[in-house]
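Residue numbers begin at 1 in each chain, while the letters A, B, ... track the order of the sequences.
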There are 2 protein chains.
Amino acid sequence: MKILIIEDEKTLSDSIVDYLDGEGHLCEVVYTFEEAVEKIELYQYDCIVVDINLPDGSGLDLIRLIKKRSITVGIIIVSARNSLDNRIEGLEIGADHYLTKPFHLSELNAHLKSIHRRISFNGSNELVLNEIRLIPDEHRAFVLENELVLTKKEYELLLFFISNKNKIITKAGLAEHLWGDHMDAADSYDFIYTHIKNLRRELLKKGCKDYIKTIYGLGYKFDLT
Amino acid sequence: MKILIIEDEKTLSDSIVDYLDGEGHLCEVVYTFEEAVEKIELYQYDCIVVDINLPDGSGLDLIRLIKKRSITVGIIIVSARNSLDNRIEGLEIGADHYLTKPFHLSELNAHLKSIHRRISFNGSNELVLNEIRLIPDEHRAFVLENELVLTKKEYELLLFFISNKNKIITKAGLAEHLWGDHMDAADSYDFIYTHIKNLRRELLKKGCKDYIKTIYGLGYKFDLT
DNA sequence: CACTGATCTTACGAATTAATAAAGATAAAG
DNA sequence: CTTTATCTTTATTAATTCGTAAGATCAGTG
């Protein structure tokens with residue numbers, strides 16, 4: 001999942017990022033209310049983890065903004081205050097979970113999983129698309145009953161394709177989502193060819209139609225039409 | 001989209017162009033205030049990306065000029081200065097977004113997308129014209145339920161026709177919008193015939209009426225009357 | 001109706017972009 | 001520390017698109 005962390009205590013945000021990276025998520029961090037607003041308006045995240053006490057504003061206001069703009073994103077509030085008021089207010093305006101500092105990172109992770117389940121598949125814990133079936137919890141993928149043998153990048157690639165089915169995805173867009181924003185324009189995206197090729201081969205090997213269409217000069221499209 | 005980049009640091013402008021080309025945009029670059037004024041008065045752009053510090057003037061003045069002339073164009077400011085003043089002034093006089101150097105190209109792209117959304121369609125993300133339907137976000141076009149198979153140029157051509165429906169379009173006008181300023185006045189525009197023909201054939205193949213009327217001696221018209 | 005210039009059509013080659021394979025680098029596991 | 005798996009780079013081959021050129025056709029004009 002792509003997660004935005006809004007937390008001004010650098011020690012905490014660092015350790016969150018470390019942990020979630022290890023869990024296979026892609027994290028970005030901002031330290032202020034203002035930065036958060038900008039990020040949220042420009043990019044799409046699966047989930048945000050937001051501290052209520054920010055140096056230049058309240059996390060609750062950020063949530064209000066998100067709801068006003070009808071942005072769909074999982075929301076986990078983190079706060080030192082443990083007042084019941086805050087908790088209730090947070091959940092009332094649309095947050096999904098509330099964590100009181102200090103908390104165990106595994107708690108955060110559990111909440112994330114619950115959000116993941118909710119957004120990825122409606123209740124079920126599988127993601128089915130024609131003959132393809134993903135079990136994100138377990139990082140596994142099937143074509144009918146055959147399990148695909150995928151590396152992490154290949155799995156992420158497939159997941160990204162599936163969650164953007166029928167849309168054209170540029171190589172830069174792929175790079176941004178799978179490799180984060182640490183890419184330079186000078187870099188070439190040649191390695192993507194390799195991953196695409198490997199994913200295609202594995203899908204084909206397990207008897208899957210080639211849904212990954214190349215859009216010459218632009219990118220790729222996972223085409224189910 | 002057709003985008004004018006006004007940035008005197010050649011390294012930066014080059015990498016911007018590279019990136020945006022990859023995203024399917026058409027870019028032109030100028031390096032000075034004066035050149036920018038000239039371009040803006042002569043041609044039409046969907047968006048400009050303007051550095052505030054230009055060798056012969058201020059990007060802010062350029063924006064003022066644009067507003068004074070009531071030219072409609074998306075404006076993204078790029079600046080090394082991070083003073084709040086500049087930012088506020090830029091946005092106040094009518095810029096849409098502000099980027100502080102250094103920035104990631106994906107950020108710029110996100111801003112462009114937001115502008116694109118605003119100008120392309122009012123709320124909806126489809127562009128419907130009789131039996132033709134465009135989804136600019138996805139670079140796709142349909143005739144009723146049949147998807148058209150178009151190359152980049154063909155798609156752009158169709159989009160340009162549609163956004164200038166019922167207007168006469170000269171070959172020079174077409175060349176300017178689809179090929180930018182990389183054309184010499186001495187060049188002939190014969191290659192346009194080929195693209196027009198290919199587009200017509202694909203439209204016809206998918207059962208579309210021939211809306212592209214030839215105006216002998218003048219150009220073309222996408223005629224819906 | 002024939003002439004002229006504009007437009008259409010077709011086919012081909014250069015340039016760009018993508019796919020593949022294999023080697024090298026990096027990271028994870030034993 | 002060694003081994004293994006995964007990721008990235010590099011080089012080669014294949015595919016697609018764009019634009020050119022040349023001939024055919026069409027519209028306007030005297």
Whether over 12 other heavy atoms sit under 6.0 Å from B/E147 CD: yes
Heavy atoms of other groups near A/K213 NZ, more than 12 under 6.0 Å: yes
Closest to the [X] side chain: [options]?
X	options	value
B/K152	C/dT10, D/dT8, D/dC18	D/dC18
A/Y216	C/dA19, D/dT8, C/dA18	C/dA18
B/T151	D/dG19, C/dA19, D/dT17	D/dT17
A/D190	D/dT8, D/dT20, D/dT10	D/dT10

Short side-chain N/O contact from B/Y220 to OP1 or OP2 of C/dC8, under 4.0 Å: yes
Short side-chain N/O contact to D/dT8 OP1/OP2 from A/W179, under 4.0 Å: yes
Length of the line joining [X]:[atom1] and [N]:[atom2], which is rounded to integer Å:
X	N	atom1	atom2	value
A/I215	D/dA15	CD1	P	18 Å
B/L199	C/dC8	CG	C1'	14 Å
A/H195	D/dT6	NE2	C1'	9 Å
B/Y189	D/dC18	OH	P	19 Å
A/D210	C/dA18	CG	P	15 Å
A/L157	C/dA19	CG	P	12 Å
B/F191	C/dA6	CZ	P	17 Å
B/I192	D/dT20	CD1	P	11 Å

A/I196 or B/K171, whichever maps to the more 5' nucleotide of DNA chain C: B/K171
Check: A/L218 and B/K152 side chains under 4.5 Å, non-hydrogen atoms: yes
Flag side-chain contact, heavy atom, 4.5 Å: A/H97 against A/I77: no
Side-chain-base donor-acceptor pair under 3.5 Å for A/Y193 and C/dT20: no
Just to be sure I understand the rule, does [X] reach a base, reach only the sugar-phosphate, or reach nothing, if contact means heavy atoms closer than 4.0 Å?
X	value
B/T194	base
B/R201	nothing
A/K153	sugar-phosphate

Stacked cation flag A/K171 on A/Y189, 6.0 angstrom / 45 deg: no
